[in-house]
Amino acid sequence: AVATPQILGRRVAAALDILGNAPAPWLWLASIGFTVSVVTASAAWRSSIAVCGGRLSLADACARYGAGSLANTVLPFRAGDVLRIALFSRALPTGRRLRTTGGAFAAMAASRALVIGALVVGGAAAGIVPLWPLLVAAAVVAAGFGIGVLARKNRSHTLDAFRALGDDRR
């Protein structure tokens with residue numbers, strides 16, 4: 001796309017032209033922010049796998065997360081998330097690795113909903129966004145919290161990450 005933007009159409013060429021005129025400090029800041037977001041998302045996956053008994057280095061987690069991100073770029077329906085679950089499941093010692101990793105993915109989705117809910121509250125307080133998305137985020141967080149409480153009594157590998165969240169008082 002960068003070498004021959006005309007192949008992908010006028011919009012890509014126009015976007016690259018605008019990007020070429022953008023101030024360099026803002027581009028650097030955006031690049032640093034993007035890198036930090038990828039590393040922290042990889043670290044979240046690493047932590048989720050660690051509470052389920054798996055061991056990964058941060059570099060290994062970044063590589064697995066990056067492969068999923070690349071797949072999301074070229075495949076429809078967020079198929080990269082499925083690839084991430086498959087790749088991260090290989091770091092687990094249990095026989096039910098895919099279930100455990102799928103549960104870890106669901107636990108991370110619940111925590112992500114909590115953060116999004118906080119952002120929606122801030123945006124609604126500033127008058128920028130409506131408050132109704134908060135209800136969706138609150139429902140996901142409540143479901144995650146409920147599953148975490150129930151997972152303490154259930155020994156299914158699917159709920160390993162939720163069990164770890166339920167056992168941790170923080």
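- Smallest separation of non-hydrogen atoms from G117 and L134: O-CD1, 3.4 Å.
- Atom CH2 of residue W45 and atom OG1 of residue T101 lie 7.0 Å apart, to the nearest 0.5 angstrom.
- Interatomic distance, CG of L119 versus CG of L114, reported as 10.0 Å (0.5 Å rounding).
- Although no hydrogens or angles enter the test, the distance criterion places a donor-acceptor pair under 3.5 Å between the side chain of S37 and the main chain of F34.
- Residues A71 and G80 approach most closely at CB-CA, 3.7 Å, considering heavy atoms.
- Heavy-atom minimum distance, S48 versus A104: CB-CB, 3.9 Å.
- Linking Ile, Leu, Val, Met, Phe, Trp and Tyr residues whenever their side-chain heavy atoms come within less than 4.5 Å places Y65 and I85 in a single cluster.
- Of all heavy-atom pairs between A67 and L87, the closest is CB-CD1, 3.7 Å.
- With a 4.5 Å cut-off on side-chain heavy atoms, V82 and F77 do not count as touching.
- Annotation for G144 and A110: closest pair CA-CB, 4.0 Å, computed over non-hydrogen atoms.
- Both I49 and V38 belong to a single network of hydrophobic side chains, linked directly or stepwise wherever heavy atoms of I, L, V, M, F, W or Y lie under 4.5 Å apart.
- Taking the side chain as every heavy atom from C-beta outward, V136 and I116 never approach each other to under 4.5 Å.
- L70 CG to L83 CG: the interatomic distance, rounded to the nearest 0.5 Å, is 9.0 Å.
- G54 and L92 make their closest contact through N-CD2, 3.6 Å (heavy atoms, listed as atom of the first residue, atom of the second, distance).
- Donor-acceptor pairing under 3.5 Å is recorded for the side chains of S69 and R84.
- Put simply, CZ on R96 and SG on C52 are 15.0 Å apart, with the number rounded to the nearest 0.5 Å.
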